[in-house]
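Below is one structure, written out as structure tokens, with a few remarks after it.
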Amino acid sequence: MTTYFSEPQSMYYRFGEDQDQVLKVLAERYIGANAQADFVYRVFQKSGILQNEKGLYDLNLGKRFPDAPKDHISYAAALVWGDEDRNLDVLVRCYGPVRFYFNEQMVYRSTVMDEISPDATVKLSIDIKPGWNTIWLEMKNTPAGFGCQFGSDEGKVRILNVFAPFQERQGQAGWVFSQPNRTASKQPDLLGKEADYSLKWLPETGWSDEDETKPALERIYGHLPGRHAYAWTHLNNTDSTGSPVRLSGQSSGSLSIWISGKPVAQVKEAGPFEVDVPASFGRSDLLVRSECNDTAGPWHFNLNATVSGKPLSLELPQRVHGANGESWLYVGPFESEVEPDLGDLTRTDRVYQTGLEQTYWRLDRPDAWIRPYYENAMLSNKWTVGSVTNYGRWDYPLGVTVYGLLRTGRYLQRPDITRYAAEHVQACTQMYEYSLWDREQYGFPAVNQQLVMLKMLDNCGSFGSAMMEAYSDCHEPTFLPIAERIADFMLSRLERQEDGAFYRTCVGEYAENTMWADDLYMSTPFLVRYARVTGNSSALDEAARQFLLYRKYLFIPEFKIMSHVYDFKYGQATQIPWGRGNGWTLFSLTEVLEALPAEHPERPALIDFFNELCEGYAALQEESGLWHQVLNDPKTYEEASCTAMFAYGFARGVRFGWFKDPEVYVTAAERAWKGLICKAIDRQGNVHGVCSGSRYAFTAEYYDQDLRTVTNDNHGIGIMMLAGTEVAKMKKHLAEHRVSSPAVSHS
């Protein structure tokens with residue numbers, strides 16, 4: 001195995017066999033590197049460029065400018081932020097001639113075939129630099145079309161957030177695009193002032209002259225007698241004497257006012273008002289309900305706050321980038337008989353039923369909404385995991401990480417660790433209803449992309465399993481509706497072979513018509529936990545069934561291990577036993593066996609399968625304690641994540657009494673753990689030697705040469721914690737029972 005650090009830097013050198021210390025450092029390093037950073041809220045104009053269901057920004061200028069003369073040119077511009085050097089694959093689909101400049105260098109000029117072929121997609125590689133990067137698209141109108149689609153490859157995984165250029169739009173999300181021009185223009189300074197250039201940029205950021213004459217509610221919603229809306233701000237009370245705050249202003253109709261959730265004023269008639277109210281020192285939520293009156297002129301209210309004659313400031317209740325100068329958020333208009341829950345009206349993780357429709361918070365600007373974005377790991381990709389934070393992201397490697405943190409926190413009796421893990425899940429699930437609405441409004445969600453665009457087991461099974469594992473710690477009400485959707489997807493809508501085996505159709509993609517060993521992990525642990533929480537035994541039956549079906553396709557009898565993939569296009573398995581694919585298999589099988597009742601008809605066959613696999617894996621363990629990236633190919637590098645999974649599986653087999661001869665596996669699990677803390681985990685808790693995310697191939701060379709290791713890859717951190725807790729539990733079990741014969745089964 002490649003040496004990643006010298007012996008004194010290893011976890012073993014620092015702590016020896018003290019597994020509690022190792023687990024503590026692993027968990028604390030991860031939490032320290034991944035702060036609980038919330039979603040970032042930005043101004044987004046719905047009249048701007050939206051994404052399609054693939055995540056590509058759809059710059060179809062032919063629809064925007066149907067009367068544009070032939071050969072006229074439009075431009076689109078955006079900024080991309082880079083936390084560090086990284087590479088990203090982007091896709092371009094042309095409606096007409098396109099030139100793409102990245103950081104002022106031309107990356108792509110369309111060919112005639114790109115322009116006239118409706119399905120032509122060009123993949124380009126760009127190097128994101130730390131700081132601001134610029135995107136500049138030049139698009140010409142022809143009879144064939146006008147504009148393009150542009151975005152990252154696999155947009156729900158490698159998220160490409162773009163920001164508006166120019167100082168006047170600083171902090172806003174989205175593209176700007178120009179009205180068609182007869183002559184070409186040079187790229188302006190996208191960090192400079194928009195007003196310095198002659199091109200007319202859209203979407204418009206300011207109200208028209210006519211709209212400027214109207215009050216805020218009237219220009220946002222129009223004149224809607226009988227309807228009502230809410231406005232939300234923060235009252236910043238700087239007075240420490242306890243004096244009452246005076247609220248004064250004018251309203252076109254009835255007005256209700258709450259401070260910190262308590263009603264403080266009711267204005268029944270149109271006209272001026274003035275009321276003294278109690279308010280705590282510091283910031284308080286101030287909520288106003290305004291009703292549109294048919295006879296009192298334009299729909300409006302205004303409100304000022306003073307204390308002892310001194311004005312108090314009103315500030316946005318949520319930090320919204322790009323909303324400079326704004327102090328109110330607005331939601332509505334609600335039908336007369338619809339009253340949202342008051343407690344939900346000072347939150348940004350809710351959508352609101354106005355009658356037959358739903359809505360969300362917006363600003364006093366043309367078609368401007370606040371929109372949450374996942375920006376903790378901007379432009380995240382599977383090749384780079386560095387200084388960015390993963391908190392609040394829903395994806396499958398983080399499902400393993402969260403599971404590892406939950407188990408470690410319980411083992412160490414550290415509620416702070418379990419709480420962090422549960423709150424990561426809650427950050428996703430509490431935004432779920434919003435993320436569905438976000439996709440409906442904007443074409444592609446800005447948060448929870450994989451959960452919302454639910455098309456593969458990768459998108460839901462792993463993190464869904466962690467969600468159900470966290471349920472016992474927090475009983476979060478948003479978990480179960482999401483679990484029902486995932487269960488329905490797996491049990492009723494997922495692609496299957498005629499015999500019922502899960503597989504991937506992926507029409508038109510590299511993985512078309514394949515079955516992956518990985519998918520046992522992406523499905524069965526969730527089904528186990530779903531059955532446990534809901535009492536739905538058919539989910540557990542399905543999990544057991546899938547293992548026996550996958551064995552039929554992927555088992556390699558001469559080695560007693562699993563091929564990574566079965567390719568139905570060729571009617572055969574690849575016969576390449578990728579380490580982590582086998583790790584997923586054993587890991588998941590232990591989860592099913594733990595849950596399966598003793599009398600279950602599939603249990604004997606699954607116990608036999610477990611023993612077969614463990615015999616095959618144990619025979620291929622190296623002296624170092626680790627296993628190779630391709631298990632039966634000693635020329636490939638030794639890999640850490642599969643090693644941790646085998647240690648996990650062996651330790652559980654010993655503890656639950658599934659082995660006929662457990663001593664071999666006690667030794668193998670202990671050797672594996674020692675190998676990891678000597679060679680893969682350094683004394684700061686960094687995890688090395690973990691293979692990056694995989695595609696598949698019929699050759700071992702791909703796995704060895706193309707899939708290199710990544711430090712602190714999320715595919716490995718959680719499983720290190722899980723392996724450590726299970727080996728520790730195995731040792732404790734053996735010490736308590738003092739046996740050398742098969743261990744007594746207990747949970």
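Source: prediction; values computed, not measured.
- Thr574 and Ser563 are linked by a side-chain donor-acceptor pair at a separation below 3.5 angstrom, with hydrogens and angles left out of the test.
- Between Phe656 and Trp658, the two ring planes are parallel [angle under 30°; tilted spans 30° to 60°].
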Walk me through it: do Leu26 and Val687 pass the test side-chain contact (heavy atoms from CB on, under 4.5 Å)? CA-CA 8 Å; Leu26 274 170; Val687 175; 3.7 Å; yes
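- Contacts of Thr418 classified as side chain to side chain contact (heavy atoms under 4.5 Å, CB included), with partners at least two apart in sequence or in another chain: Leu406, Arg410, Pro415, Asp473.
- Shown here are the side chain to side chain contact (heavy atoms under 4.5 Å, CB included) partners of Glu17, two or more places apart in sequence or in another chain: Tyr12, Lys674, Lys731.
- Note on Arg496 versus Glu542: salt bridge recorded, some NZ/NE/NH1/NH2 to OD/OE distance being below 4.0 Å.
- Shown here for Thr348 and Tyr360, the closest heavy-atom pair between the two residues is O-OH, 2.6 Å.
- Ion pairing of Asp153 with Arg158 is absent here, as no side-chain N (NZ or NE/NH1/NH2) approaches a carboxylate O to less than 4.0 Å.
- For an aromatic pair to be called close, the ring centres must be under 6.0 Å apart, and Phe547 with Phe610 fails this.
- Side-chain atoms of Lys560 and Phe555, non-hydrogen and from C-beta on, do get closer than 4.5 Å to each other.
- Using a 30° and 60° split on the angle between ring planes, Tyr420 and Tyr391 fall in the tilted class, from 30° to 60°.
- Note on ring orientation: taking the six-membered ring where Trp is involved, the planes of Phe587 and Tyr648 are parallel (angle under 30°, cut-offs 30° and 60°).
- Summarising the geometry of Val654 relative to Met730, their closest heavy-atom pair is CG1-CG, 3.8 Å, with the distance given to 0.1 Å.
- Ring orientation note: the planes of His475 and Tyr471 are nearly perpendicular, at an angle over 60° on the 30°/60° scale.
- Using a 4.0 Å cut-off between a side-chain N of Lys or Arg and a carboxylate O of Asp or Glu, Glu154 and Arg695 qualify as a salt bridge.
- The two atoms that bring Glu639 and Cys691 nearest to each other are OE2-N, 2.8 Å, heavy atoms only.
- For Glu28, the side chain to side chain contact (heavy atoms under 4.5 Å, CB included) test picks out Lys24, Arg414, with sequence neighbours left out.
- Side-chain contact annotation: Asp20 with Tyr411, donor-acceptor N/O pair under 3.5 Å present.
- Relative orientation of the Tyr530 and Phe526 rings is parallel, given thresholds of 30° and 60° on the angle between their planes.
- The distance from atom CD of Glu495 to atom CG of Asn513, rounded to the nearest 0.5 Å, is 10.0 Å.
- A salt bridge does not link Glu509 with Arg504: none of the charged nitrogens is closer than 4.0 Å to a carboxylate oxygen.
- A donor atom on one side chain and an acceptor atom on the other are not found under 3.5 Å apart for Tyr30 and Thr401.
- Ring geometry, Trp394 versus Phe463: the interplanar angle falls from 30° to 60°, so the pair is classed tilted.
- Side-chain contact of Tyr696 with Asp518: a donor-acceptor pair under 3.5 Å is absent, judged by distance alone.
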